[in-house]
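Basis for what follows: all heavy atoms, side chains included, without hydrogens, waters or symmetry-related copies. By convention here, the first residue in the shown sequence is residue 1.
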Amino acid sequence: DARCPECGALERHRLLKLWLDSNADEITGKDVLHFAPEEAMAALFRGLARVYKSADIEKDRADLVLNIEAMAMADGTYSCIVCSHILEHVDDRRALAEMYRVLQPGGLAIIMTPVIEGWSRTYENPSITTPRGRQYHFGQPDHVRYYGADVRDRIRAAGFELEEFTAEEPDVSTYALLRGEKIFIARRPN
């Protein structure tokens with residue numbers, strides 16, 4: 001993904017494929033909304049979903065032009081939202097609240113974001129607004145934070161129940177994954 005090059009789009013695709021191989025029933029026949037879609041990931045969901053819609057804040061990049069922080073759609077519209085490497089770029093509290101609102105009860109948000117597990121708290125500073133400052137502080141000119149282990153608390157604070165799928169051996173070696181890369185499966189309770 002050109003917007004988040006450090007994040008390894010190929011590795012994300014392989015990790016997601018590995019999760020989907022065991023959890024296809026979570027997507028099969030469902031209505032899926034996919035933010036900032038990478039084509040390889042989009043193909044995985046298109047093949048399973050009843051309805052698949054891609055979304056991006058920029059025009060002509062997806063089926064729908066949507067701001068993940070303020071989605072112009074009804075409550076409970078989708079049964080699955082895919083949010084891969086978006087939250088580190090936006091107001092995550094607003095984005096998570098909107099994902100929760102737009103999901104049907106029992107629906108899930110598949111969330112991937114860089115996490116530094118050794119940090120108990122997320123590092124962010126809203127006074128850092130320049131691309132150069134963000135590059136220095138957050139590793140990329142359009143990131144606004146580095147997540148720590150408390151990313152889980154942020155997801156739960158939006159109302160979600162949370163599960164995790166983590167890249168471990170032997171899958172890391174077999175599928176050339178990034179060690180410790182995670183998928184957060186955030187479910188809206190029924």
Side-chain angles (χ1 to χ4, degrees), residues 1-20 22-23 26 34-38 40-41 44 55-57 67-69 80-100 103 108-188:
D1 182 17
R3 289 162 287 180
C4 200
E6 77 171 23
C7 300
L10 185 58
E11 290 85 2
R12 285 196 306 270
H13 171 260
R14 288 192 296 249
L15 181 64
L16 183 60
K17 170 106 174 63
L18 187 62
W19 181 81
L20 281 171
S22 299
N23 296 280
E26 294 276 15
H34 186 177
F35 277 91
E38 299 152 335
M41 280 190 182
L44 293 174
D56 199 288
I57 197 163
N67 178 348
I68 197 168
E69 298 173 7
C80 178
I81 295 175
V82 181
C83 178
S84 177
H85 289 254
I86 307 295
L87 294 180
E88 66 273 19
H89 297 266
V90 300
D91 181 329
D92 59 344
R93 287 174 176 89
R94 288 178 56 195
L96 287 163
E98 277 294 276
M99 287 191 289
Y100 186 90
L103 277 173
L108 60 99
I110 299 170
I111 300 170
M112 299 173 81
T113 191
V115 177
I116 300 174
E117 292 289 359
W119 293 359
S120 60
R121 292 184 9 190
T122 294
Y123 171 58
E124 58 192 336
N125 182 339
S127 70
I128 301 168
T129 58
T130 66
R132 185 173 183 201
R134 288 179 174 172
Q135 175 75 43
Y136 180 78
H137 284 268
F138 311 121
Q140 195 168 309
D142 58 348
H143 282 192
V144 296
R145 72 186 54 81
Y146 261 129
Y147 282 106
D150 67 334
V151 66
R152 295 158 181 88
D153 299 329
R154 290 173 180 234
I155 295 168
R156 286 186 188 107
F160 289 108
E161 296 171 349
L162 188 61
E163 301 169 27
E164 297 179 29
F165 180 77
T166 305
E168 297 175 349
E169 291 298 350
D171 293 333
V172 168
S173 298
T174 303
Y175 299 102
L177 301 172
L178 296 173
R179 283 176 174 76
E181 180 83 10
K182 291 190 179 303
I183 298 175
F184 294 102
I185 309 301
R187 190 174 308 275
R188 180 176 172 167

Results of ring pair (Phe, Tyr, Trp, His ring centres under 6.0 Å) for [X] - residues two or more places apart only:
X      : answer
Phe35  : none
Tyr147 : none
Tyr136 : none

[X]: side chain to side chain donor-acceptor pair (under 3.5 Å) partners, not counting sequence neighbours:
X      : answer
Asp150 : Thr122
Tyr123 : His137
Arg179 : Glu169
Ser127 : Asn125

(message) Surrounding CZ of Arg121 (heavy atoms of other residues, nucleotides or ligands, distance under 6.0 Å), is the total greater than 12?
(response) no
(request) Under the side-chain contact (heavy atoms from CB on, under 4.5 Å) rule, collect the residues that match up with Glu98, sequence neighbours excluded. (result) Met71, Arg101
(request) Using the test side-chain contact (heavy atoms from CB on, under 4.5 Å), find all partners of Ala167 that sit at least two apart in sequence or belong to another chain. (result) Leu15, Val172, Leu177, Glu181
(request) Please say whether the positively charged group of Arg14, taken as NZ for Lys or CZ for Arg, lies over the ring of Tyr175, i.e. under 6.0 angstrom from the six-membered ring centre and within 45 degrees of the axis. (result) no
Let me confirm one number: the [atom1]-[atom2] distance from [X] to [Y], rounded to the nearest 0.5 Å.
X      : Y      : atom1 : atom2 : result
Leu20  : His13  : CG    : NE2   : 9.0 Å
Met99  : Cys83  : CE    : SG    : 4.0 Å
Asn67  : Ile57  : CG    : CD1   : 4.0 Å
Glu88  : His143 : CD    : NE2   : 4.5 Å
Leu18  : Asp171 : CG    : CG    : 4.5 Å
Ile183 : Ser84  : CD1   : OG    : 8.5 Å

(request) Apply the test side-chain contact (heavy atoms from CB on, under 4.5 Å) to residues Glu26 and Arg187: give CA-CA distance (whole Å), side-chain angles for both, the deciding distance (0.1 Å), then the verdict. (result) CA-CA 11 Å; Glu26 294 276 15; Arg187 190 174 308 275; 2.8 Å; yes
Testing the basics here: between [X] and [Y], what is the closest heavy-atom pair and its distance to 0.1 Å?
X      : Y      : result
Phe160 : Leu103 : CE2-CD1, 3.6 Å
Ala36  : Asp56  : CA-OD2, 3.5 Å
Ile110 : Cys80  : CD1-SG, 3.9 Å

(message) Determine whether Val90 and Ile68 satisfy the following criterion, side-chain contact (heavy atoms from CB on, under 4.5 Å), listing intermediate values before the conclusion.
(response) CA-CA 8 Å; Val90 300; Ile68 197 168; 4.2 Å; yes
(request) Run through Leu87, Val115, Leu108 and flag the one making a side chain to side chain contact (heavy atoms under 4.5 Å, CB included) with Phe184. (result) Val115
Should [X] and [Y] count as side-chain neighbours, where that means a heavy-atom distance under 4.5 Å?
X      : Y      : answer
Pro37  : Val82  : no
Arg134 : Asp142 : no
Lys17  : Leu44  : yes
Ile155 : Ile111 : yes
Pro114 : His85  : yes

(message) Test side-chain contact (heavy atoms from CB on, under 4.5 Å) on Trp19 and Ile185; report intermediate values, then the result.
(response) CA-CA 10 Å; Trp19 181 81; Ile185 309 301; 3.6 Å; yes
(message) So, using salt bridge (charged side-chain N to carboxylate O under 4.0 Å, His left out) as the criterion, who are the partners of Glu164 when residues are at least two apart?
(response) Arg152, Lys182
(message) If the condition is salt bridge (charged side-chain N to carboxylate O under 4.0 Å, His left out), which residues does Arg154 pass it with, not counting sequence neighbours?
(response) Asp92, Glu124
